[in-house]
Structure formats: C-alpha cells, structure tokens
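Read the structure below first, then the notes.
In what follows, chains carry the letters A, B, and so on, assigned in the order in which the sequence lines appear, proteins first and then strands, with residues in each chain numbered from 1.
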Amino acid sequence: MRDAAMPLDAPPAARGDRRVLPITAHGLMLERAGRRIIDNVSLTVDGHGISVIMGPNGAGKSVLLRLLTGLLSPDAGMVRWAGRRADRARAPSVGLVFQKPVLLRRSALANVRYALRAGSRAERTRRAGEALARAGLAHLAKSPARILSGGEQQRLALARALAPEPEVLLLDEPCANLDPAAAAAIETLIRDARARGTKIVLVTHDVAQAKRLGDDITFIHDGRIVERAPAGGFFDNPASNAGRAYLEGRLLID
Amino acid sequence: MQNFGAAFGDAFRLLGGFDPALMEIILLSLRVSVTAVFISALIGLPLGAILGVSRFRGRAAVLVLLNTLMGLPPVVVGLLVYLMLSNAGPLGPLALLYTPGAMIIAQSILVIPIVAALARQTIEDMHAEYDEQLRILGVGRWGMVATLLWDARYSLLTAMLAGFGRAVAEVGAVLIVGGNINHVTRVMTTAIALETSKGNLALALGLGLVLLLLAIVINAAVMGLRATAARSAHA
C-alpha cells in the first residue's frame, strides 16, 4: 500500500478546513537499498506542548518527519492529517524547519512573504514584517537572506515556518549547527510558538535541549519506537535498554 | 588592395564619423540578434526549467539531443530554414525568405538550445536544493517553475548573453536565409565576408572592431552579473 504522499497536483481540500491535527501514522515502513529505515512505526501527534523525538544518528528521525509531512511516501502504512490524506491545500498548517535552512535567493522579508500564500501583497508584507519582528529580525528585513549568519538564517527559517500560523511545527535538529547563543534564541522562539498554542515536534539528539524543552519524549532506535514517556519519566528512569544506553552516552550494539 | 595601416585608419574614421552605411548594418545586426535572443528566452527558459524539474522516460535522450543541438552548425540551420521558407517549402507562402524575419528565425533556432540547455542545468541544481522546502510551503509544480526561474535570474541572464554572443557572431545561417542584400538583410558578419572578398578592408575591419567590442561588452556584463549575484549571495 502506498499512501501519505503529497501529490503536487492533489485537489484542494474543502475551503475553510485547514485542520491537520491529529496527525496519525499507522504501521509505517520504509526501506532504502535493502535497509529498513522505518520499521512498523505508529504514532499520533496531537494536543499541545512540545513532543521530542530522540535517538542516535541514523535512527530514522528525519525520515520519520518527512513521512509525517508527506514529503516521503512510506512503502507500507499510512499517514493521515485529521483523518484525511495529506494534501497541498493544507500544507500551510504544517510547518517544517530543516537542520540546514533552505532560504530563497531573496530578501529576508520576501522569504517570509513567500510562505504566505493568501491575501493581498500589502497584507502579506505586513504579516511577514510582524513575523520577522517576533524573530528579532526586523532590522534585517531588506538584507538578502543568504548573506545572514547561520543563527539568523535559522531564525528566519523558523519565522517563515511560523508566519502562516501552522497548527503543528516540525523541527529537524534546528540547532545542530549553531553556537550556544544562537541556539538559545531558537529555543526562545520555539517556546513562544508553544505559548501561542502551536503543537511542536522537535527532533534532536541533544539531551540537554530535550530536557529543557520536551513535554514528552519518543525514543527511536533502528527505525523503531522503543519508548514513549513524559519527559520527566524518561530522563529519570528510561524503561528501555536503548534509551538508558543513549542517556548514559554508551554505544549500543545489538 | 589597401595597405594594412591605411585600412585601420579608414576603419576608425568610419566608426568615429558614425558612417551611415556602417551604422545601418550594425543596427540591423543588433535588431535581428536581440529579437532572436528574446524569442529564444521566451521558449528556451520555460523549456529548460520544465526539463530541470521533471523526470520522465526518455529524459536522458532529450538531454543528449538538447546538448547536441547547442553545437548545431549554422550553415545547416540556414539550409533547413531556407528549405522551409523557400517558395516550394511548407512556409513558402509567408514570403519570409531574404527578410530580417527569416534571419531572426534562423538565429532563434541556433540560440534556443543554448538557452534551454544552460537553463536546464541551473534550474536542476537549484531544484535539488529547493524541492522539499517549496513542497512544504504548499507550492505546486507551476509555482515551483516560476520560483526557480526568478531565483535563478542572474544565471539565466548569463545564458541569454551567451546566446546573444553566438547569434551576433554567426554568419552561415543569416547568409543563406537573408541573402546579404544591401539595406535589407546585410548584417555585420555577412558584410565582413563580402567586403573582405571585394577588398574593401576598411569597412570589414570597422565592423570587425564593432564585433570585438560587443564581445568585450558581453563578457564584462557576464562578469558584472556574477559579481552582483555573489554580493547578494544569489549565486
């Protein structure tokens, strides 16, 4: 069964219904070059707060995010946004920020405005300006996006993802390449978004960051979910061997 | 046969004095080649962009064909256009043969593959970078093509300048379909060929200098574009 793709020419969903939560995944399976990258993963993204997906490199975290957004189609299993297949019309309700931001060759303001598909140009410019101000980038609005520093670029990518007011924001190791100050600025923006009611899924392998931000933890190892727990429970007393080994910084060989 | 030094002197006098015969030839050359590049951009840029973003069976063969067409011999293009436009040809009733229109068609056929092939490479590279991000933002296929064309604008302008360089310097195609008719279809390259064979080296040299100057201007423009693009990290 093939499913959960976001075909470029999918028919637009009924107007006014942009809801995507809960995002449910059922029995996801993905193989590449004979290796099982995602192995029978089922999960539900819903409610409020920050869900953290943790796991070692190569566990399948980034691939899982791509499956949830419809960028990738699973070999088996299905993804549903609020009970229906992912479609292009609801894409603005699902924000995704990559580890390495992909910015258009335009000004910072134009980058954010580009993400706003609805409304007059003046209206979109105004909203883009507000999104930049929230990210502390108002003074850089006219700068070409790609000459900004790494931290500013990631803040801009986050501002662009948040500008359409998505219901859920998925973050793929957003601070992996940043210095501590820049990472702190990103974390502040993530907390602000949570406070405004945006559901957040954060992929990270930074234990300290997961402790600072996470409300619940999903631990992934070898393409499988091995543990799912409230943040406190996971960090104090991980139930799985893999989780314990990861937190202790041991290499897990099985 | 004039001597060399005198020919140069006469050439500069013609250029400096904006000799009407010389100016007429230069302006027709520019008109024909600029129009051909404009038409080539209208066809070649979208064609290159679509090839850059799509995957289909036989795409590799299309790319080989396109890259081969970049090196089309102008005389062959001239011959084919001549056959199409001649009285006995399918487009004969248009009566375009030996007009600037015929020259524009021939040069467009030469330049379209250049613009399309260079655009295809540029757009394909940028598409690899942008694809997931644009899909996440809910951009459809045509929106993606438009976005890529705009964001690649500096590289695409460079491709158009390369096409202009080829068009304005080409002699075989315009000679065959234009006929090098004085005051009607005589352009710089065909005039140089004719005047040289007649021994009128001053006019030939003057036009040659203009062509050289154009080459310099085009290359300077390409470098300028690259510098501008790099300054704002557009490259």
Study note, to complete from the structure: Separation between OG1 (B:Thr147) and CZ (A:Arg105), nearest 0.5 Å, reads 12.0 Å
Practice item. Side-chain contact test, heavy atoms from C-beta onward, threshold under 4.5 Å: evaluate it for B:Val139 versus A:Arg117 and give yes or no. Key: yes
Exercise for review: Taking the side chain as every heavy atom from C-beta outward, state whether A:Leu71 and B:Asp131 have any pair of such atoms under 4.5 Å apart.
Suggested key: no
Point to revise | CZ (B:Arg31) with more than 12 external heavy atoms under 6.0 Å | key: no
Review point. Roughly how far, to the nearest 0.5 Å, is CZ of A:Arg88 from CZ of B:Arg141?
Key: 10.0 Å
Exercise for review: Sort out for me which residue in A:Leu96, A:Val97, A:Leu170 forms a side-chain contact (heavy atoms from CB on, under 4.5 Å) with B:Ile136.
Suggested key: A:Leu96
Exercise for review: Would you give the length of the straight line joining atom CZ of B:Arg135 to atom OG1 of A:Thr69, rounded to the nearest 0.5 angstrom?
Suggested key: 8.0 Å
Review point. Does the side-chain contact (heavy atoms from CB on, under 4.5 Å) test come out yes or no for B:Trp150 and A:Leu104, once each step is laid out?
Key: CA-CA 10 Å; B:Trp150 176 251; A:Leu104 304 180; over 6 Å; no
Point to revise | B:Arg57, CZ: over 12 other non-hydrogen atoms inside 6.0 angstrom | key: no
Point to revise | Residue B:Met223 excluded, over 12 heavy atoms near CE under 6.0 Å | key: no
**Study point:** Heavy-atom neighbours of B:Phe18 CZ exceed 12 at 6.0 Å
**Key:** no
Exercise for review: Please look at A:Val102 and chain B and tell me whether the side chain, the backbone, both or neither of the residue comes under 4.5 angstrom of a heavy atom of that chain.
Suggested key: both
Review point. Which pair of non-hydrogen atoms, one from A:Ala91 and one from B:Gly138, has the smallest distance, and what is that distance?
Key: CB-CA, 3.5 Å
Review point. Are more than 12 heavy atoms from other residues, nucleotides or ligands located less than 6.0 Å from atom CZ of A:Arg196?
Key: yes
